[in-house]
Every structure is written in C-alpha cells, then in structure tokens.
Number of protein chains: 2
Amino acid sequence: MTGWIEAATGLDRIEAAARRRLARLVPVTLDRGTALFHPGEAAKGFIVVLAGRIEVFLTGPSGRDILLYSVEAGGSCVQTTLGLLGGEDYTGEAVAATEVRAVLIPRADFLALMDTSPAFRGFVFTAFAERMQGMLHLLERVAFQRVESRLAAALLDRAEAGEVRATHQELATAIGSAREVVSRRLDAFARSGLVATERGSVILRDSTALARLAAVQD
Amino acid sequence: MTGWIEAATGLDRIEAAARRRLARLVPVTLDRGTALFHPGEAAKGFIVVLAGRIEVFLTGPSGRDILLYSVEAGGSCVQTTLGLLGGEDYTGEAVAATEVRAVLIPRADFLALMDTSPAFRGFVFTAFAERMQGMLHLLERVAFQRVESRLAAALLDRAEAGEVRATHQELATAIGSAREVVSRRLDAFARSGLVATERGSVILRDSTALARLAAVQD
DNA sequence: GGGGTTCTGTGACATGGTCACAGACAGGAC
DNA sequence: GTCCTGTCTGTGACCATGTCACAGAACCCC
C-alpha cells in the first residue's frame, strides 16, 4: 500500500501519522476525457494528481470556454477545495486531458490532515497560492494582452520538438478567444514565416520572433 | 490592548494563546488614498482590515486597470499572503479607498499562528477561498459578459439610496473597461430612462430594468 | 472672474467576437 | 476505388469594444 505518496511532489516529506492515513487511500485511474466535476456538483474530496494532466475550464453561457489552469503530476485540483471550505459551487469543469492517475482524499480525511499535519497544510497552501497567482496571470493576459501575444505564448508553451499538436479550437480555448480569430492570426503568422500550419498541428518556424511577440506588453 | 480582535469578524472566537499573541499588535490608521503595496514590493505581513475599505487593482501596461476585489471590515488582504507563502511578487496595487483601520500581522507571527491556531487557519483559509471565488467570478464576467451587463451590475452594487457616486473612469475601472465605453453606455442607459447622469454621479431610475440587464447571460 | 484641473462627450479607427457559410481533409463503409 | 459523414479550416460581413485625439463643460481655488 505504499508507493503513491513518494510520487506526489510535496507530500513525500509528510509526517508519519499523516502518511499512515494517506496510505490507506487507493489511487484511481481516469481515462482521457473523463469529467471530474460537472458544474454545480458538490466536491467529494481533495484530488491529488499523480500522473497525467487534468485541465480545468471555465465555461461561458455562449458555450465558449477558457482554460483556467491545468494540473500536472504533484498538483492538486484546488477548485475542489473551495467546496470543502464552505464556498459556493463553481461553474468550471475539470477534464482529464490525458490518462490520469490520481488520489481522492475524502472530506473527513482532508479536514483531519489540515488540523494535524503541518506538511499537509503547507502542501495545500502552496497549491492554493500557486493557483491564485496563475489565475491572476490569466486575468491579466485576458484583460490586457492582445490575442496575437497570447497565441504566441500558448504556442511556445505547448510546443514539443517545434510542433504543437492542437486544433485551432483548442488553441482558442486555451487563450480565451474564438476559433476564427485564432485561424486568422495563425494565417498571419504563417504569411510572416513564423509558423507553418497543418490540419491538427502548428509547426514553429521562428521561435525567437514568437517569443518577442509573446513578451510584448500590450 | 484588547478591543480590536472583537471587531474582526472571524477572529473573535480565536483561542486564548493566539489571542494573547494578537493582542500585542497595534492597529494603524491609513488615510484614504494610501497605497499599501506597490507592484514588485515584497509583503511585510498579513493585513486584517478592521474598518474602511481597501481596493486591490491589477494594472495593465497601458495604464488601464481593473478592480480585483475590495476588502471590507473583517477581511484580509490575501494578496499579501501569497508572498508570505513563497509566491512571486504580484503586479497588483492595493489602495485605501476610505480611511482604514487595519492590523498588520508580521510574517513571523503569521506563520506561528498558522501552525498553532486552528481558528486562525480557518480565518485565513476562508478568506483565501472567498477571494478565489471572487476572482473566478471576475474572470467569468470579464471574459464572457458584455459591458452593458457588467455596468448594470456595478451600478446596482454600488448604489446607495438610488445613487452611485463615481466618475465614469471609476466605473470603467471597476468593470475592467475604458472610460469612453462607459460614457457611451451610460448615455444609452440615460436615453432609455434607466438612469440619469450628473457629473460625478449616476442616479438609478429603473433598478428593475438594470437588474434584468445585469442578469443577462451573454 | 480667471485659470487650471477634472470630468464628460464625440468622431475615427483598429481589434476582436459572432454568425453564416463553404470548402478541405480524414476515416470508415461498401 | 467511391461515397458518406464528421471534423477542421477559411472567409466575408457585422457588431461590440478598446484606443486615440480632441473639444467642451463643470468644478475649485485664488
């Protein structure tokens, strides 16, 4: 029954008593595409991701949605915590972007750990603080930066070996814009030689120029 | 030296030991307009507002800025906590919107209280969760709602006896838009008989209609 | 009453989001 | 192979919003 705790960055130095409590929990595997929470649903516990990636979206009434953040290995889905601490329901939606291994810490255990384990508290608080920072950044970008800049940043962020495998719609969601706008921007990038586009993927041709665009202030 | 703790909603039921620690701290008074934090400055401690209102803004590179949230009596300026927990500096700016009485809990005391006082932890966590919810809401509104709707909501929110004392610029900041846009919207509202405008104030004439606009989904 | 400051109004323009399509591509059925 | 279907992308039109450049109006302080 040991094993998973060591894999969770930030929990590996937890106190013995807390560790015993956590060790009873069994990780689950979620298929890619599984929705963890639907809007309006109450949180059942605190989720720690061991492997894979969960993406959390905010969905607008018109169906458009925007990527709030993604949770990678070692991270926790902080949204769920809000419910545990007495907040209202949230409108977001969490979806497994890859196959995911995760542990659900039930409400009772979560609260007990918060009271007894400084290391666990630190883990939760750090996660909280990071999300908060991330959301601030997101808000800043959405409110103040142009699509061009956000798109360049998203491309650089998601590139693997100079290629981004994503549809225009996915890119649009990631930066909180609309597909058509992304299509046009990408087209403009392509005409300037910054990228080359294919169905389902974008190949970066001039990362330096993209980085310059991403850094542009306004 | 007692007195202020009772005035802080959420801290009034704190444990005796923690109370003694807090009781040593002396509230300060800040004049209206005082900046609590400038961008890039490290946080000195955890701030609890006893009276008055602090407004926290996110400032864009073009000088435009948007109201992140305001902290009223009993609330704490969570932004400052991020620094205490090892986050990066933030770009926001906190300003006393009225005369403010507040207590600064120094870093060392803050960390000690977090470790020893469940009630204090609850206070901090609740504040955190509420801010998070608020920011989510803000993001949702900025990303998905039209100016018309946000403006109507802001007017209803700030009305006192059917009147909102604020300049167009202030309203624009509150909803994350530009002054000219607010001016035009208000003009449209006025032509429809929803409000009457005067220099430095807006008088609500038809709150029902405004509420309808504020509730519009898209 | 004058002069400076702040607040508001307005036109012109660029960006971005929405709508309505049409075409291009992929993958399976046959 | 051809056909069918669904997904992905491209395009034009239009409206909402943000930005810039001013001008005029209201307020304040001397």
Side-chain angles (χ1 to χ4, degrees), chain A residues 33 58-67 139-155 163-191 195-203 213 216-218, chain B residues 33 58-66 139-155 163-192 195-203 213 216-218:
Chain A
L58 185 62
T59 302
S62 59
R64 207 172 112 220
D65 51 19
I66 176 170
L67 178 64
L139 188 57
E140 194 170 6
R141 293 187 75 85
V142 169
F144 298 127
Q145 289 206 295
R146 17 185 61 206
V147 166
E148 187 179 60
S149 170
R150 283 185 274 155
L151 180 56
L155 288 175
E163 184 182 9
V164 178
R165 303 203 65 81
T167 66
H168 296 183
Q169 179 59 64
E170 285 165 352
L171 289 170
T173 293
I175 67 173
S177 179
R179 180 191 60 82
E180 299 91 318
V181 177
V182 168
S183 286
R184 283 168 184 139
R185 275 300 136 203
L186 282 177
D187 194 46
F189 283 175
R191 278 200 304 272
V195 304
T197 62
E198 284 174 18
R199 185 188 171 92
S201 100
V202 180
I203 294 110
L213 280 179
V216 162
Q217 289 302 307
D218 186 47
Chain B
L58 184 62
T59 302
S62 59
R64 204 172 115 220
D65 50 20
I66 176 170
L139 188 57
E140 194 171 6
R141 293 186 74 84
V142 169
F144 299 127
Q145 289 205 294
R146 20 186 54 202
V147 166
E148 186 179 61
S149 170
R150 284 185 274 154
L151 181 56
L155 288 175
E163 185 183 9
V164 177
R165 304 203 66 81
T167 65
H168 296 183
Q169 179 59 66
E170 285 164 352
L171 289 171
T173 292
I175 67 173
S177 179
R179 179 190 61 79
E180 298 93 319
V181 177
V182 168
S183 285
R184 284 169 185 139
R185 277 298 136 205
L186 282 177
D187 195 45
F189 284 175
R191 278 200 304 272
S192 312
V195 305
T197 62
E198 283 175 18
R199 186 188 168 91
S201 99
V202 180
I203 293 110
L213 280 179
V216 163
Q217 288 304 306
D218 186 46

I need the [atom1]-[atom2] distance between [X] and [N], as an integer number of Å.
X        : N      : atom1 : atom2 : result
A:Arg150 : C:dG17 : CZ    : P     : 6 Å
A:Leu171 : C:dG17 : CG    : P     : 14 Å
B:Glu148 : D:dA16 : CD    : P     : 9 Å
A:Arg165 : C:dA26 : CZ    : P     : 12 Å

[X] [atom1] to [Y] [atom2] distance, which is reported to the nearest 0.5 Å:
X       : Y        : atom1 : atom2 : value
B:Leu58 : B:Ile66  : CG    : CD1   : 7.0 Å
B:Arg64 : B:Thr59  : CZ    : OG1   : 11.5 Å
A:Leu67 : A:Thr173 : CG    : OG1   : 8.0 Å

Quiz item: Using a cut-off of less than 4.0 Å, is there contact between a side-chain N or O of A:Arg185 and OP1 or OP2 of C:dG16?
Solution: yes
Quiz prompt | Side-chain touch B:Ile175/B:Arg141, heavy atoms, less than 4.5 angstrom | solution = no
Practice problem: Flag the pair B:Leu171 / B:Val202 as yes when at least one side-chain heavy-atom distance between them is below 4.5 Å, and no otherwise. | Solution: yes
Practice problem: Give the B/S/- string for nucleotides 6-13 of chain C, one per nucleotide from 5' to 3', where a protein heavy atom under 4.0 Å of the base yields B, of only the sugar-phosphate yields S, and otherwise -. | Solution: BBBBBBB-
Identify the pairs formed between an N or O of the protein and an N or O of nucleotides 28-30 of chain D at a distance under 3.5 Å, and give each distance.
none

Quiz item: To the side chain of B:Arg64, which of D:dT17, C:dG16, D:dG18 is closest?
Solution: D:dG18
Exercise. Using atom types as modelled and distance alone, determine if a side-chain donor or acceptor of B:Arg150 lies under 3.5 Å from a backbone N or O of B:Gln145.
Key: yes
Please tabulate, for side-chain N and O atoms in residues 182-189 of chain A, each donor-acceptor pair with protein atoms closer than 3.5 Å (sequence neighbours left out).
from     : atom 1 : to       : atom 2 : distance (Å)
A:Ser183 : OG     : A:His168 : ND1    : 2.8
A:Ser183 : OG     : A:Arg179 : O      : 3.4
A:Asp187 : OD2    : A:Arg191 : NH1    : 2.5

Quiz item: Base, sugar-phosphate alone, or nothing: which one does B:Val181 contact when heavy atoms must sit under 4.0 Å apart?
Solution: base
Quiz item: Looking at A:Ala172 and A:Ala178, what are the two nearest heavy atoms and their distance?
Solution: CB-C, 3.6 Å
